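What follows is a set of notes on a single structure, which appears directly below.
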2 protein chains.
Amino acid sequence: MGDTTPDPSATVRDRHEALHAEIRRRICLLDYAPGQRLSEVALAEEFGTSRTPMRRVLARLEDEGLVQSLHGVGTLVTDADIAALEQEYHLRLELTELTGRLDPVMPDAVFLATLDQLIARGAQMVRDGTPRDFTAFDMEVFQVLLQLTGNLPLRDTLERLYYKTKRIWLTAAIEAQLDLQAEFRIFHHELEAIRIALHSGDLDAVAHIQRAHISMSFQRLRKQRD
Amino acid sequence: MGDTTPDPSATVRDRHEALHAEIRRRICLLDYAPGQRLSEVALAEEFGTSRTPMRRVLARLEDEGLVQSLHGVGTLVTDADIAALEQEYHLRLELTELTGRLDPVMPDAVFLATLDQLIARGAQMVRDGTPRDFTAFDMEVFQVLLQLTGNLPLRDTLERLYYKTKRIWLTAAIEAQLDLQAEFRIFHHELEAIRIALHSGDLDAVAHIQRAHISMSFQRLRKQRD
DNA sequence: TTTGATCAATTTGTGTACAACGTTGGCGGA
DNA sequence: TCCGCCAACGTTGTACACAAATTGATCAAA
């Protein structure tokens with residue numbers, strides 16, 4: 001089978017985090033599309049464990065709103081709910097702006113270098129990247145930029161909102177036949193703008209740039225839908 | 001034993017929610033003090049179930065940061081972490097302000113009547129309420145006022161933050177020998193102010209009043225600590 | 001043909017035995 | 001007396017068997 005090697009040295013909590021991150025990633029990349037049914041036993045077998053720890057992971061994903069377990073039916077990847085998506089986007093906007101005001105963390109040289117490398121990879125991706133590559137890249141950038149705030153509950157909340165909105169955005173973008181190539185280019189421009197703001201040490205500007213792009217991205221999606 | 005009667009008509013999810021709310025309530029009321037060890041088997045027996053559903057509840061509480069399970073040790077009610085508390089308070093301030101801007105829900109007559117009754121009960125509590133009564137009352141008011149925003153993820157986030165900060169506040173307030181009677185009176189004043197703002201339909205004002213009081217409450221606590 | 005009930009198959013939820021792990025107290029030796 | 005070892009105990013984590021619930025197929029009757 002597609003046995004994922006379990007690391008025996010990892011602690012229980014590490015294994016839980018790894019499983020949670022991996023399945024969340026698959027959901028976000030649409031490997032598990034909205035509405036798809038996940039099998040507890042299949043997942044457990046794939047990761048070389050039993051149902052119990054896997055159920056622990058799925059329960060957490062259910063609390064986060066990414067899946068929904070129904071007795072006798074299965075564990076379903078939650079589907080798009082436009083009304084909920086709009087609320088999540090609005091809240092994400094405001095929280096993103098807050099990252100510039102609540103415990104901002106001034107980036108060090110290593111951080112700036114990491115981001116520069118990311119942006120370079122992004123330029124390449126604009127040319128020959130698939131939607132899946134693009135989303136994976138987007139996730140990576142998000143995780144890096146999240147480090148710019150030292151407020152942990154803010155980080156957690158933003159992370160939850162990000163994963164809950166991103167995959168629905170991708171689904172809707174494909175469905176509405178949004179010009180993904182154009183979206184890539186806009187994202188790359190955003191990163192360039194963020195780099196400039198970062199090098200001048202203006203974290204509030206970084207936050208507002210992100211806020212503006214999240215807002216515009218959602219507007220484009222809504223306009224295309226109508 | 002202290003068998004809590006299980007409702008056979010309730011669905012699985014209802015039972016889970018009930019258990020979660022009850023244990024969270026006990027933690028917030030300091031029935032389970034920070035550092036205290038909870039027994040899975042004891043809780044399971046008390047609520048007339050087995051360890052499995054109880055572990056599902058405790059896992060959720062752990063994800064919410066209210067307890068921490070350690071293999072071979074026990075499930076401990078998380079203790080106060082002043083640095084984390086400060087971050088949570090700051091975020092709570094901003095999110096509380098947001099309730100006035102994100103999907104505000106104009107209260108109907110029933111809501112206003114409910115609140116008036118609450119305020120009346122609050123006046124009585126100022127005279128002869130124990131700290132435990134006061135906290136229970138505070139929780140009730142919080143849940144009611146939360147209905148003033150229609151933004152569900154905002155509600156959820158605020159709820160998490162509220163329960164995570166409130167119990168630590170109570171612990172610290174007792175420890176720092178804060179004048180709880182004075183705190184009761186101030187809270188009652190806050191409610192009067194909120195009523196006025198509500199009757200004039202100014203939800204943004206309601207949000208700012210709450211924000212101001214949360215901020216001042218934390219300031220008083222910090223000043224008393226030093 | 002349609003409709004209805006019934007049954008088998010599949011899935012999640014629960015209970016329980018056992019493994020893994022950390023703590024604590026006692027015991028022995030220096 | 002003090003230190004270190006270790007064994008017994010209690011707790012959480014895992015695995016698995018079974019219960020509960022839903023779905024879909026199948027078949028008989030209208």
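Small disclaimer: the values here were computed from a predicted structure and weren't measured. The figures here come from the full heavy-atom set of this structure, side chains too, leaving out hydrogens, waters and symmetry mates. Here is the naming used below: chain letters follow the sequence lines, and residue numbers restart at 1 for every chain.
Side-chain polar atoms of A:Thr78 and A:Arg167 form a donor-acceptor pair below 3.5 angstrom. Side chains of A:Arg155 and A:Thr149: a donor-acceptor N/O pair is absent below 3.5 angstrom, by distance only. Between the side chains of A:Thr130 and A:Asp133, a donor-acceptor pair is found at a separation under 3.5 Å. Between B:Asp138 and B:Thr135, the side chains place no donor N or O within less than 3.5 Å of an acceptor N or O (distance only, hydrogens not considered).
Residues forming a side-chain hydrogen bond (donor to acceptor under 3.5 Å, both in side chains) with A:Arg37 (at least two apart in sequence, or on another chain): none. Contacts of A:His20 classified as side-chain contact (heavy atoms from CB on, under 4.5 Å), with partners at least two apart in sequence or in another chain: A:Arg24, A:Val57, A:Arg60, A:Leu61, A:Glu64.
Phosphate proximity of D:dA15 to A:Ser50: present, with a side-chain N or O under 4.0 Å from OP1 or OP2.
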What verdict does the side-chain contact (heavy atoms from CB on, under 4.5 Å) test give for B:Tyr32 and B:Leu38, after you've listed the backbone C-alpha separation in whole Å, the side-chain angles of each residue and the deciding distance to 0.1 Å? CA-CA 8 Å; B:Tyr32 301 147; B:Leu38 304 181; 3.6 Å; yes
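If you measure from atom CG of B:Leu58 to atom P of D:dT11, you get 14 Å, rounded to the nearest angstrom. B:Arg55 has its CZ atom 9 Å from the C1' atom of D:dT14, to the nearest Å. One interatomic measurement links the two molecules: CZ of A:Arg15 to P of D:dT14, which rounds to 8 Å at whole-angstrom precision. Computed from coordinates, the B:Asp14 CG to D:dA21 P distance equals 13 Å when rounded to whole Å. Atom CZ in A:Phe47 sits roughly 20 Å away from atom P in D:dG13 (whole-Å rounding). We find that CZ of B:Arg13 is positioned 17 Å from P of D:dA21, with the value rounded to whole Å. Rounded to an integer number of Å, the gap from A:Arg37 CZ to D:dT22 P is 15 Å.
Shown for residues 66-75 of chain A: residues whose heavy atoms fall under 4.0 angstrom of DNA chain C, namely A:Ser69, A:Leu70, A:His71, A:Gly72, A:Val73, A:Gly74, A:Thr75.
Of all non-hydrogen atoms in A:Thr171 and A:Pro34, the two that sit nearest each other are OG1-CG, 3.9 Å.
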List the atom pairs, donor and acceptor, that lie under 3.5 Å between side-chain atoms in residues 214-222 of chain B and the rest of the protein, sequence neighbours left out.
{"from": "B:Ser217", "atom 1": "OG", "to": "B:Trp169", "atom 2": "NE1", "distance (Å)": "3.2"}
{"from": "B:Arg220", "atom 1": "NE", "to": "B:Glu183", "atom 2": "OE2", "distance (Å)": "2.8"}
{"from": "B:Arg220", "atom 1": "NH2", "to": "B:Glu183", "atom 2": "OE1", "distance (Å)": "2.8"}
{"from": "B:Arg222", "atom 1": "NH1", "to": "B:Glu86", "atom 2": "OE1", "distance (Å)": "3.4"}
{"from": "B:Arg222", "atom 1": "NH1", "to": "B:Glu86", "atom 2": "OE2", "distance (Å)": "2.4"}

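Ring geometry for B:Phe142 against B:Tyr162 counts as parallel: the plane angle stays under 30°, on a 0 to 90° scale with 60° as the upper cut.
When atom types are taken as modelled, the side chain of A:Glu88 and the backbone of B:Pro153 share no donor-acceptor pair closer than 3.5 angstrom.
Reading DNA chain C from its 5' end, the first and the last nucleotide to sit under 4.0 Å from a heavy atom of chain A are C:dT11 to C:dT14.
Terminal axes of the helix from C:dT1-D:dA30 to C:dA30-D:dT1 (five pairs each, C1' rotation axis) are separated by 0°, to the nearest 10°.
With DNA chain D read from its 5' end, the first of the two nearest nucleotides for A:Thr49 and B:Leu38 is the one closest to B:Leu38.
Base engagement by A:Arg51 is indicated by at least one non-hydrogen atom pair under 4.0 Å involving a base atom.
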